[in-house]
Protein chains: 2
Amino acid sequence: MKKRLSISDIANNLGVSVTTVSFILNGKAKEKRISDALTKRVQDYVKKVDYKPNQLAKSLRTGKSKSIGLLVEDISNPFFANIADHIEKMAYDNGYHIIYCSMNNDEQRAKELIQLFRDRQIDGFVIAPTEGLSEVINSLIKQAVPVVLFDRPLADVETHTVLSENMNGAYVGTMYLLEQKKAKRIGFVTTTSTQSQMKGRLEGYMKAIDKVGMDLLVKKINPSLTDDDIAQQLQSFIADNKLDAVLFATNYLAVDGLKAIKKYQIAINNLVSFDENTAFALVEPPVSAISQNIKEIASEVVRILLSQINGKSTQIEQVVIPCDLIER
Amino acid sequence: MKKRLSISDIANNLGVSVTTVSFILNGKAKEKRISDALTKRVQDYVKKVDYKPNQLAKSLRTGKSKSIGLLVEDISNPFFANIADHIEKMAYDNGYHIIYCSMNNDEQRAKELIQLFRDRQIDGFVIAPTEGLSEVINSLIKQAVPVVLFDRPLADVETHTVLSENMNGAYVGTMYLLEQKKAKRIGFVTTTSTQSQMKGRLEGYMKAIDKVGMDLLVKKINPSLTDDDIAQQLQSFIADNKLDAVLFATNYLAVDGLKAIKKYQIAINNLVSFDENTAFALVEPPVSAISQNIKEIASEVVRILLSQINGKSTQIEQVVIPCDLIER
DNA sequence: CTGAAAGCGCTAACAC
DNA sequence: GTGTTAGCGCTTTCAG
């Protein structure tokens, strides 16, 4: 790799000191009252030789790396992929870049990753946490590392969070099945995992069902089962309980549901899912969606994190973003 | 942020020199013939105080950052999301981590990003290139920065590539429609963009069609049109040409096709797409897929890149990975 | 076997 | 207005 120019090369070649060059490069020319002529000469030369400062050295010196760690469960989940995309864009617009990782349900690995990111002098973290992460996240917070959690809070972690209105979203989705679709037996499909966003969604469902005094019909799916077993369980759930409508707690559960419906040729018309998925508009019957406002979630996450990094805000911000019901 | 321990803190607290600590930490204790007792004492202490070396300083000194830049067009495309996931995993297993970015069709931004990554002393690049990037990628190569291209080559860039067998995949997919589905009028839907993987797929289609002497029926969709316009065009394409089968050049075009089919209630049974998409197994009629071997692509990409970074191989590797036909 | 010290490229207090 | 210089935390040569 051809040796890159350093700031002292620039200074030497121009016959000025590195300080001068550094000041000019960092926009402090005016402040340090460096002559316009010199400023221009340095800038022109820098452009001409296409000099780029070594960010590593800069970071080492300033303690800021201008990078943000993004940790999600699974980047191939369209919800996370879209969020990641937006966060990346907004961070970039603010001069930050993203280092991302999927945790893939591996708690040990997640912890290592967080540590690793710390060692790279990451300026802040954006995390959709899994349950075992409380301790390591708390230790970040104790060390005053900026952290923003999204999608789900962590019971024993007090920090900035950006969440969707899970309870209300599920409530609205259930009411839609009740009132528009005139459903009489509405099932709710969630996971066995106890992530708090799932709890909120269950509550929303229960609140709506309780309001009209219907039966609560809830199925918890263990995500580690095989596709076939899951399909089998869903088919029984729908058939045994004579459901005429189902609310799914998240997009991949709805996809599982659609697989079961197809495989067992189940006749059911009223389907609603939390989150979007390309398949929802395409299948017959289509799946309505309680759509999280991904753009706004991303923008709040970045806003809060940056204000943390820049030491602007001290109080803990907990933002809740409403969902939209997409009727299909 | 509580001040972190540095190597000299460790050395001072232990009454040894930083050199000794550094050697031990880097596994050179034996080589440098440092006593087992001392080695153990240092290691125990390091563990006790949970000391972690500052990677930035390490990188600055060694010139290696142990990180890889991954540039794709759009991380919310499931094909790229899955590839990213695998690449990230394999890189991590080798002690590397990923800095990723979506380029979102913004050539200017892509160039900036590549430059930015360079400034961060990235050890290597993995890129699914867009057309305008030849120049900047060539300049990376000239500077001996390891680069691996995947998904599509760039005509005027000579470097390592990992590609799918596009031509043969499309050929097999078309033959499937011909022989198994007895289709008589098979259309091919691709994009107006001239990415080379699309060319290969078109060739595969043509080769199969020519073989049986049927008419070539090709529609190029301009991706910047609105969803409605695209649906409209696809509906005309299918109706005007009385198609009984369609081969889509990529998963999002097939999704567009499914939208059109649904919107206009088009009766067509024989659909095949390049790439997978969750929707394909769920819709009626289902969409068969020419599935790229994502895991193998990722593993080849990482293997080649690492061997470049470690200076092991000199010759240019161009790997082609076969596709699987998933019949539905 | 171990230590002193140079230096990776940059920033910024301090001096002139 | 501009230059000198001390580090940021680490690796590694060279001397003992």
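Bear in mind the structure is a predicted one, so any value in this text is a computation, not a measurement. In what follows, chains are A, B, ... by sequence order, proteins preceding strands, each numbered from 1.
Between A/T20 and D/dG3, a side-chain N or O to OP1/OP2 separation shorter than 4.0 Å is present. For A/K58 and C/dT11, the shortest distance from a side-chain N or O to OP1 or OP2 is below 4.0 Å. OP1 or OP2 of C/dG9 has not a single side-chain nitrogen or oxygen of A/Y51 nearer than 4.0 Å.
Among the heavy atoms of the strands lying under 4.0 Å from A/L60 is at least one base atom, whether or not backbone atoms are also near. Using a 4.0 Å heavy-atom cutoff across all strands shown, B/S22 reaches at least one base atom of the nucleic acid. No engagement by A/L56 is indicated, since no non-hydrogen atom pair under 4.0 Å with the nucleic acid exists. A/V18 comes within 4.0 angstrom of a nucleotide base, judged by non-hydrogen atoms across all strands. Using a 4.0 Å heavy-atom cutoff across all strands shown, B/K30 reaches no nucleic acid atom at all. B/K32 comes within 4.0 angstrom of a base, heavy atoms only. Using a 4.0 Å heavy-atom distance criterion, B/S35 is classed as a sugar-phosphate-only contact.
D/dT11 atom P lies 13 Å from atom CD1 of B/I24, rounded to whole Å. The nearest whole Å value for the distance from the CD atom in A/Q121 to the C1' atom in C/dC10 is 15 Å. In this structure, NZ of B/K40 is placed 20 Å from C1' of C/dC1, rounded to the nearest angstrom. Between B/L5 atom CG and D/dC10 atom C1' there is a gap of 15 Å when expressed in whole angstrom units. Counting to the nearest Å, the P atom of D/dT11 and the CD1 atom of B/I34 are 13 Å from each other. The distance from atom CD of A/E31 to atom P of D/dT2 is 15 Å, rounded to the nearest whole Å. Between B/R33 atom CZ and C/dG3 atom C1' there is a gap of 17 Å when expressed in whole angstrom units. If you measure from atom CG of A/N12 to atom C1' of D/dT4, you get 13 Å, rounded to the nearest angstrom.
No side-chain heavy atom of B/F117 sits under 4.5 Å from any side-chain heavy atom of B/S67. For the pair B/T39/B/Q43, a side-chain contact is recorded, criterion being any heavy-atom separation below 4.5 Å from C-beta on.
Here the nucleotide nearest the side chain of A/S6, chosen from C/dT2, D/dG3, C/dG9, is C/dG9. Here C/dC10 is the nucleotide among D/dC10, C/dC10, D/dT5 with the atom lying nearest to any side-chain atom of A/I7. Here the nucleotide nearest the side chain of B/K28, chosen from C/dG9, D/dT12, D/dT2, is D/dT12. Nearest nucleotide to the B/R61 side chain, out of D/dC10, C/dG3, C/dC1: D/dC10. When distances are taken from the side chain of A/A57 to each of D/dT12, C/dC1, C/dC10, the shortest belongs to C/dC10.
Donor-acceptor pairing under 3.5 Å is lacking for the side chains of A/N77 and A/E73. Residues A/E88 and A/Y100 have side chains that never bring a donor and an acceptor to within less than 3.5 angstrom of each other.
Of the residues near DNA chain C, A/N26 and B/S17, the one whose nearest nucleotide (by heavy atom distance) lies more toward the 5' end is B/S17. Along DNA chain D, the nucleotide nearest B/F23 and the nucleotide nearest B/Q55 are compared for position; the residue whose nucleotide lies closer to the 5' end is B/Q55.
The main-chain N or O of A/N82 is never found under 3.5 Å from a side-chain atom of B/S76 such that the two would form a donor-acceptor pair.
Because its NZ or CZ atom is both nearer than 6.0 Å to the ring centre of A/F23 and within 45° of the ring axis, A/K32 counts as a cation-pi partner of that residue.
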